[in-house]
Amino acid sequence: MEQVENKQVILKRYAVEAPKETDMEIKIGKVKLKAPKGSGAFLVQNLYLSCDPYMRARMRDFHGSYFPPFVPGQPIQGFGVAKVVDSDNPDFKPGDIVAAITGWEEYSLIDKTWQLRKIQPDSDIPLSYHVGLLGMPGFTAYAGFYEVCSPKKGEHVFVSAASGAVGQLVGQLAKLHGCYVVGSAGSSEKVDLLKNKLGFDEAFNYKEETDLDAALKRCFPEGIDIYFDNVGGPMLDAALLNMRVHGRIAACGMVSQHGFYDPQGIHNLYCMIPKRVRMQALLQTDYLHKFPEFLEHVSRNYKEGTIVYVEDMNEGLESAPAAFVGLFSGKNVGKQVVRVAQE
């Protein structure tokens, strides 16, 4: 039975503060290119891996979350696109392309089919988009905007981390819905991207603003109807001061807090009471019944040119630790993906 080398990204130790490249290491293992008989599993070659902020929570020794922690000494796991090499599962055959939770390694044995789907290759849509635009981040944007934010035409929408994997699609969905949309990002390059490629009405670099409340009042003199929050922290505090009556806040992410052992508190929650603001957290897994509708809607709009998507592609598995760590300092421009192997 053929055995080949299997390069892997291993978690060395749990991260206490913001993740560092030294929390991970590259190791070379061995793998048999055969799915074990009677296992019901299938072996895949990983093509693309997704770097997502939620993975930071799995790098700590905490068991009270919706995902269990990674195991030190074992490969990191995340969403990926992969090609089936061998199968002991009648539903999957060699050559099939799947989007799945897989290991950060060249080859993985998959025995759990939760949130796994076959991909029918489409020459108009890059395969890597199935970990971004048409994957978990894209679906998070879709479910969060339509199901949590309950948008109405003409409403004023604010999106933080707006050039990221989720934010860039939220903004475009809001524009297609007839809303006025403003995004915040962390560089002039990203601000330019928001306004000139992604179609936001306005955008600002939060790092250049000495007063976030003033920045939001400048962009939203009449207040905010919908805040899609990807960052938490001071930006959430400022948004709370600027919400309109019956405003909605979708709490999608708190990336500003990932580097803190002792997270910062929020000061302006009292604003929710007089304005009757509704704030709701979301996980895309609560809305999986909407996934086929999302896939059809976003694929069609992408093919029609009314939705665009920006990727930041790193080459080679060995680049994955740096790509992941870069999420927390804003190094990525668009959805961060690692290409492990050529299609």
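Heads up: numbering here begins at 1 and tracks the sequence. No hydrogens, no waters, no symmetry mates; every other heavy atom, side chains included, goes into these values.
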ask   = With a cut-off of 6.0 Å (strictly less than), are more than 12 heavy atoms of other residues, nucleotides or ligands near NZ of Lys83?
value = no
request  = Could you tell me whether Lys207 atom NZ has more than 12 heavy atoms of other residues or ligands within 6.0 Å of it?
outcome  = yes
message = Whether the Thr306 and Lys175 side chains hold a donor-acceptor pair (N or O, under 3.5 Å, no angle test) is what I'd like checked.
response = no
task = Test Met313 against every option in Arg339, Gln336, Lys335 by the side-chain contact (heavy atoms from CB on, under 4.5 Å) rule and name the one that passes.
result = Arg339
query = Quick one: salt bridge (Lys or Arg N to Asp or Glu O under 4.0 Å) partners of Lys331, sequence neighbours excluded?
reply = none
message = Can you confirm whether the side chains of Asn46 and Glu105 place a donor and an acceptor under 3.5 Å from each other?
response = no
request  = Look at the side chain of Asp86 and the backbone N and O of Leu33, then say whether any donor-acceptor pair between them is shorter than 3.5 Å.
outcome  = no
query = Does Tyr107 belong to the same Ile/Leu/Val/Met/Phe/Trp/Tyr cluster as Leu109, with side-chain heavy atoms less than 4.5 Å apart forming each link?
reply = yes
ask   = Once you round to the nearest 0.5 Å, how far does OG of Ser160 lie from CE of Met254?
value = 9.0 Å
request  = Spell out, as yes or no, whether a donor-acceptor pair under 3.5 Å connects the side chain of Asn242 to the backbone of Ala238.
outcome  = yes
inquiry  = Whether the His246 and Arg278 side chains hold a donor-acceptor pair (N or O, under 3.5 Å, no angle test) is what I'd like checked.
reply    = no
ask   = Side chain of Ser319, backbone of Gly316: donor and acceptor closer than 3.5 Å?
value = yes
key: Aromatic ring pairing Tyr129/Tyr302, orientation class (parallel under 30°, perpendicular over 60°, tilted between)   = perpendicular
key: Geometric cation-pi criterion Lys290 and Phe139, 6.0 Å radius, 45° cone   = no
request  = For the residue pair Tyr309 and Gln172, confirm or rule out a side-chain donor-acceptor distance under 3.5 Å.
outcome  = no
message = Donor-acceptor check, side chain of Asp312 to backbone of Val333, threshold 3.5 angstrom: yes or no?
response = yes
ask   = Taking side chain as C-beta onward, heavy atoms only, is Val182 less than 4.5 Å from Val159?
value = no
ask   = With a 6.0 Å cut-off on ring centres, are Tyr287 and Tyr142 close enough?
value = no
query = Does Arg248 use its side chain to pair, donor to acceptor, with the backbone of Val148 at less than 3.5 Å?
reply = no
inquiry  = Take a 6.0 Å sphere around CD of Glu189 and say whether it holds more than 12 heavy atoms from other residues, nucleotides or ligands.
reply    = no
Under 3.5 Å side-chain donor-acceptor pair for Ser128 and Glu311 = yes
task = List the steps, then state whether side-chain contact (heavy atoms from CB on, under 4.5 Å) holds for Met243 with Phe158.
result = CA-CA 10 Å; Met243 299 302 294; Phe158 175 47; over 6 Å; no
Whether over 12 other heavy atoms sit under 6.0 Å from Lys197 NZ = no
query = For the side chain of Glu208 and the backbone of Asn205, is there at least one donor-acceptor N/O pair under 3.5 Å apart?
reply = no
ask   = For residues Asp237 and His267, is any side-chain donor paired with an opposing acceptor at under 3.5 Å?
value = yes
query = Quick one: is the NZ or CZ of Arg58 closer than 6.0 Å to the six-membered ring centre of Phe67, and within 45° of its axis?
reply = yes
inquiry  = Is it the case that the side chain of Asp88 and the backbone of Gly38 share a donor-acceptor pair, with hydrogens and angles ignored and the cut-off at 3.5 Å?
reply    = yes
Stepwise ring-ring contact (aromatic ring centres under 6.0 Å, His included) test for Tyr14 and Phe70 = CA-CA 8 Å; Tyr14 288 123; Phe70 296 135; 9.0 Å; no
request  = Spell out, as yes or no, whether a donor-acceptor pair under 3.5 Å connects the side chain of Arg56 to the backbone of Ala15.
outcome  = yes
message = Once salt bridge (Lys or Arg N to Asp or Glu O under 4.0 Å) is applied, do any residues pair with Asp23, and if so which ones, sequence neighbours excluded?
response = Arg13
ask   = Any donor and acceptor pair, going by atom type alone, linking the side chain of Ser187 with main-chain N or O of Lys190 inside 3.5 Å?
value = yes
key: Main-chain N/O of Lys7 paired to Glu106 side chain as donor or acceptor, under 3.5 Å   = yes
query = Going by atom types only, do Asp52 and Tyr54 share a side-chain donor-acceptor pair under 3.5 Å?
reply = no
